[in-house]
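Let me begin by presenting the structure, written as structure tokens, before commenting on it.
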Amino acid sequence: MYEAFAMTLPKVYHRFSLLSLHSTTSPFLPKTLFFSSSSLPLAVKRLHSPPLLRAQSRRFVAGKQFKAKSTMASSRFHHLVPVNALTAEDGGNGTGSNGAADATASVAYDDDVESASVTGYRLPPFEIRDIVDAPPLPALSFSPLRDKILFLKRRSLPPLSDLARPEEKLAGIRIDGKCNTRSRMSFYTGIAIHQLMEDGSLGPEKEIQGLPEGAKINFVTWSNNGQHLAFSVRLDEDDGSSSKLRVWVANVDTGKARPLFKSPDVYVNAVFDNFVWVNDSTLLVCTIPLSRGDPPRKPLVPSGPKIQSNEKKNVIQARTYQDLLKDEYDEDLFEYYATTQLVLASLDGEMKLFGPPAIYTSMDPSPDQTYILISSTHKPFSFVVPCGRFPKKVELWKANGEFVRELCDLPLAEDIPIAFNSVRKGMRSINWRADKPSTLYWVETQDGGDAKVDVSPRDIVYTQSPAPHDNEQPKILHKLDLRYGGISWCDDTLALVYESWYKTRKVRTWVISPGSEDVNPRILFDRSSEDVYSDPGSPMSRRTPAGTYVIAKVKKEDDGDTYILLNGSGATPEGNIPFLDLFDINTGSKERIWQSDKEKYFETVVALMSDQKEGELSINELKILTSKESKTENTQYYLLSWPEKRACQITNFPHPYPQLESLQKEMIRYQRKDGVQLTATLYLPPGYDPSRDGPLPCLVWSYPGEFKSKEAASQVRGSPNEFAVLSGPTIPIIGEGDEEANDRYIEQLVASAEAAVEEVIRRGVADPNKIAVGGHSYGAFMTANLLAHAPHLFCCGIARSGAYNRTLTPFGFQNEERTLWQATSTYVEMSPFMSANKIKKPILLIHGEEDNNPGTLTMQSDRFFNALKGHGALCRLVILPYESHGYGARESIMHTLWETDRWLQKHCVYSSDVKADVSVCKDNAEGTVDSQSKAVGAAGGVQELANLDDDQFHSIRRSLL
């Protein structure tokens, strides 16, 4: 029996939440080891949201999940799936072994790796297919009173036909005109309710009844009193498209569901917002205007040329945004689909128009349900920036539909500088205080929004009543010298204000007393965002009767002091050991009241569950929701109760991948030649012993990250006890002091790769001739650079959805904020496109045909492939129809796995036995002639084998087997 390599895409990981690389059984591959990474800086920008954890800023690359800190992260069930999760383009419906419909695309079922010239979609071995098609676990949502749990049922990956539906690419977003929603929106297939009993066990399942057959459910939300659910429903139509969305409501006690509107002609416009509970019996719904006609038609003959002008000599720099408006027709189409009529609808069937039709982007009721903050956008639109920078109007309305006042009308923001921490001018982050019935607060920049302007203060936080008296001016709440990052509210005596600065990685937490002007603000924490070892944790929040979240105050029975709860990841040199601390906000003293098991399990605090009562919480009545997992046991949820800290398991999810239960996993540590400590997660086949079985083929899958110090780059991130979640080999790119990280990108990239390769060879687990490298997005960029500048390390590479020519992203990329004209040599030297003539090892390029990620246009892979082909490189380009930056359709994912499996078999597992000289350490980023010639010599056997046609290759392979 042999062990096979199988690798999921980030999209597969998004759907299944806990897997990036697989090791399973196949008759076609000898044992293979996996050496994987996804290391991201804390400040890396959001790319796209997966089906899991939709409400957070998240970071998914090659299977590792990174969560951006939120002031309320600890109270928002951030390890569970929010009920409005499945709203993006990432899978969630489709085909597979769990009863979904068969795919309509042409698919070849391969029990062997057949000729690559065969057309149509291909399938990897059955063992890999079974993992990809494993039915996903349900999403969970707790009721406001914490007495019930929703199990939101999902299907597996969507068929390609779902992605092939027509979509309009307008103003940086993609719209399904048939549904009037964002395109490729996934869905739930059913809703089940469980009572959470006093002892922590679950009551019997109660299915929501009355839904039409085949209902696709989205945007599930609880009423504030927990008695009703609201959600949208759409159905498949005869032509294969989906119907428009209608709002449904369900009684939680009876489980019966019905449409909210009596009229069948009222549909949800979900291009931006959808609906929100105004009170326990009323919703404010974004609807398609009843008077709207057919969409505008594109004129056969244009009225004139397309003209853009900058005759006022404005400095307008922007990242390489995609799907922008192109002409007046696009403007008309965007306005057509995005225009909404707000409607107040009560549960008894009454409805009332709310305001005029407009492009409404958000609705936010005040905690006391008296007012509603409503944001909208309007013309003039832009052809150079997405809709998030269009003019923005924020208005205040009463909940009964009465207009109160306009808070601001911000102009088009094309000129926001590209420097990190630059922001829009004027009022921003306008919100309600969570601890007050209806008090507004917002922030205004004092540097004109330009991070390069040195000014103090840089941001000012203001507060004001919703209906101020004549001449009543906003009150200054706090002044900040860094960039505002949010507020955690508690009461008039306590709030925490956050500020940060990317250039220095500095983050500060201020303690303020919002109701006492005579109490001076003070700094509570002042640290580097990169220093994960010093992270004190985030304050846990409790839910108020109004449905908002405020900092939870906790008291002990034996003293009169008041504490807050700090929930931390607990990063240590041995890995993450999450904790919960009782923290005295006045003295800074703390007591650790809970900590994860560090020997076998990885546990985290998910949410506070004993917050039904107002006021301070007693430590002896504390209840928290925790998650628990190990290397071999998938995540389960527990209710932990004080004072005994008794744990009651409330879920019993089956292992999603029983094939992988015996997979060996180890977090390993090693050192780069400049002294930087690195970590990686090493996966080995079950029962493998290097002394007995010898070295294996190896895949290094990684993603570089930027740091400002060697110390921060050396810190361990992740836990060795996590369930199949990857972290390492870290590829830190460090720029200390005034030095920019990318000034020595190639040098540090190669040094990190050399250290990783030398470590697995030293351990005797990797065959030095059979080490492949791969990555997605910025990891693909890394892969191409390593094949160009470190050919002595790797036998082949796999690069997915990357950008290879940095001159095509001239106004910055990733964490590079300098322009092409400010750092020309850096842009050119970092671009593997410019070194295409040096790439002699086989490279597989894969890209989505509809990639909408800034910078990674599909053209990047097209042009890189042509450059490689023009220099005789052994290369292959696979363009996946209808796919975006992350791949979603089952056919696409299966085919990508087939391509990956074939490439690794042919160019890694069965590559030449010529011994590679991995001891070669290049003296500079470009390498020496001597090292290049050695690498090319070592690759000769690989090239000779690769030149065989597929029939010859498989004949040799079968004879070996």
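Remember, predicted model here, so these are calculated numbers, not experimental data.
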Problem - Residues, nucleotides or ligands: over 12 heavy atoms within 6.0 Å of Glu205 CD - result: yes

Exercise for the section: Decide side-chain contact (heavy atoms from CB on, under 4.5 Å) for Ile798 and Leu904; before the verdict, give the C-alpha distance in whole Å, the side-chain angles of both, and the deciding distance to 0.1 Å. Expected result: CA-CA 9 Å; Ile798 301 167; Leu904 291 173; 4.0 Å; yes

Handout entry: Donor-acceptor under 3.5 Å (Asp689 side chain, Ser691 main chain)
Key = yes

Problem - Sidechain-backbone polar pair: Asn634 side chain, Pro654 backbone, donor-acceptor under 3.5 Å - result: yes

Exercise for the section: Using the six-membered ring wherever Trp is involved, compare the ring planes of Tyr887 and His776 and label them parallel, tilted or perpendicular (cut-offs 30° and 60°). Expected result: perpendicular

Problem - Check: Val507 main-chain N/O paired with Arg527 side-chain donor or acceptor under 3.5 Å - result: no

Practice task
Would you check if Trp222 and Leu150 make a side-chain contact, meaning some heavy-atom pair closer than 4.5 Å?
Solution key: yes

Handout entry: Under 3.5 Å: donor-acceptor pair, side chain of Ser143, backbone of Lys148
Key = yes

Exercise for the section: Check whether the side chains of Glu661 and Thr632 place a donor and an acceptor atom closer than 3.5 Å, and report yes or no. Expected result: no

Problem - Residue list, side-chain hydrogen bond (donor to acceptor under 3.5 Å, both in side chains) with Glu207, at least two apart or on another chain - result: Lys153

Practice task
Hey, could you give me the OG1/CG distance between Thr562 and Leu617, rounded to the nearest 0.5 Å?
Solution key: 11.0 Å

Fill in the blank from the handout: Nearest heavy-atom approach of Ala139 to Arg154 is N-NE, 4.0 Å

Practice task
Flag the pair Arg146 / Lys623 as yes when at least one side-chain heavy-atom distance between them is below 4.5 Å, and no otherwise.
Solution key: no

Problem - Asp561 vs Thr587 side-chain heavy atoms within contact, under 4.5 Å - result: no

Practice task
Decide yes or no for Cys490 and Lys553: does some side-chain heavy atom of the first lie under 4.5 Å from some side-chain heavy atom of the second?
Solution key: yes

Problem - Backbone N/O of Arg155 and side chain of Tyr188: donor-acceptor pair under 3.5 Å - result: no

Problem - Full working for side-chain contact (heavy atoms from CB on, under 4.5 Å) between Leu625 and Ile650 - result: CA-CA 10 Å; Leu625 183 71; Ile650 61 175; 3.5 Å; yes

Handout entry: Atom of Pro685, atom of Leu696 and distance for their closest heavy-atom approach
Key = CD-CD1, 3.7 Å

Exercise for the section: Over all heavy atoms of both residues, which pair between Ala134 and Ser156 is shortest? Give the atoms and the distance, please. Expected result: O-OG, 4.2 Å

Handout entry: Nearest-0.5 Å distance that lies between atom CG in Asp133 and atom CD1 in Ile128
Key = 12.0 Å

Completion exercise
d(Ser528 OG, Asp535 CG) to nearest 0.5 Å is 10.5 Å

Practice task
For the pair Glu633 and Lys600, find out whether any cationic side-chain nitrogen is under 4.0 Å from an anionic carboxylate oxygen.
Solution key: yes

Exercise for the section: May I ask you to check whether Ser752 and Arg672 show a side-chain donor-acceptor distance below 3.5 Å? Expected result: yes

Exercise for the section: Would you check if the side chain of Ser488 reaches a backbone N or O of Leu496 as a donor-acceptor pair within less than 3.5 Å? Expected result: no

Practice task
Evaluate the criterion salt bridge (Lys or Arg N to Asp or Glu O under 4.0 Å) for residue pair Asp597 and Lys628; output intermediate values, then yes/no.
Solution key: CA-CA 9 Å; Asp597 178 288; Lys628 184 176 182 179; over 6 Å; no

Practice task
Kindly give the heavy-atom pair with the smallest separation between Asp693 and Gly687, and that separation in Å.
Solution key: OD2-O, 4.0 Å

Exercise for the section: Compare all side-chain heavy atoms of Met540 with those of Leu580 and state whether any distance is below 4.5 angstrom. Expected result: yes

Exercise for the section: Answer yes or no: is there a side-chain heavy-atom contact under 4.5 Å between Tyr638 and Glu603? Expected result: no

Exercise for the section: Taking the six-membered ring for Trp and the single ring otherwise, decide whether the centroids of Phe583 and Phe525 are under 6.0 Å apart. Expected result: yes

Problem - Main-chain N/O of Gln677 paired with Gln671 side-chain donor or acceptor, under 3.5 Å - result: no

Handout entry: Separation between NZ of Lys631 and OG1 of Thr681, rounded to the nearest 0.5 Å
Key = 9.5 Å

Handout entry: Heavy-atom side-chain proximity of Ile619 to Tyr563 below 4.5 angstrom
Key = no

Exercise for the section: Calculate, to the nearest 0.5 Å, the distance between atoms CZ and CZ belonging to Arg890 and Arg129 respectively. Expected result: 8.0 Å

Problem - Steps toward side-chain contact (heavy atoms from CB on, under 4.5 Å) verdict (Asn620, Trp642) - result: CA-CA 5 Å; Asn620 289 332; Trp642 267 254; 5.5 Å; no

Practice task
Considering only NZ, NE, NH1 and NH2 on the basic side and carboxylate oxygens on the acidic side, decide whether Arg505 and Asp531 come within less than 4.0 Å.
Solution key: no

Handout entry: Sidechain-backbone polar pair: Gln664 side chain, Tyr688 backbone, donor-acceptor under 3.5 Å
Key = yes

Fill in the blank from the handout: For Ser596 and Ile577, the nearest pair of non-hydrogen atoms, with its separation, is O-CG2, 3.6 Å

Problem - Check: Pro124 main-chain N/O paired with Asp901 side-chain donor or acceptor under 3.5 Å - result: no

Practice task
Go through the steps to decide whether Leu582 and Leu565 satisfy the test side-chain contact (heavy atoms from CB on, under 4.5 Å), and finish with yes or no.
Solution key: CA-CA 5 Å; Leu582 266 184; Leu565 296 167; 3.7 Å; yes

Practice task
Please indicate whether Lys206 has more than 12 foreign heavy atoms, meaning atoms of other residues, nucleotides or ligands, lying under 6.0 Å from its NZ.
Solution key: yes

Problem - Aromatic ring pairing Phe151/Phe653, orientation class (parallel under 30°, perpendicular over 60°, tilted between) - result: tilted

Exercise for the section: State, to 0.1 Å, how close Val606 and Ser627 come at their nearest heavy-atom pair, and which atoms those are. Expected result: CG2-N, 3.8 Å

Practice task
Starting at CG of Leu622, measure out to CG of Leu640 and round the result to the nearest 0.5 Å.
Solution key: 8.0 Å

Problem - Backbone of Asp581 reached by a side-chain donor or acceptor of Lys590 within 3.5 Å - result: no

Handout entry: Ile771 side chain near Ile761 side chain, heavy-atom distance below 4.5 Å
Key = yes

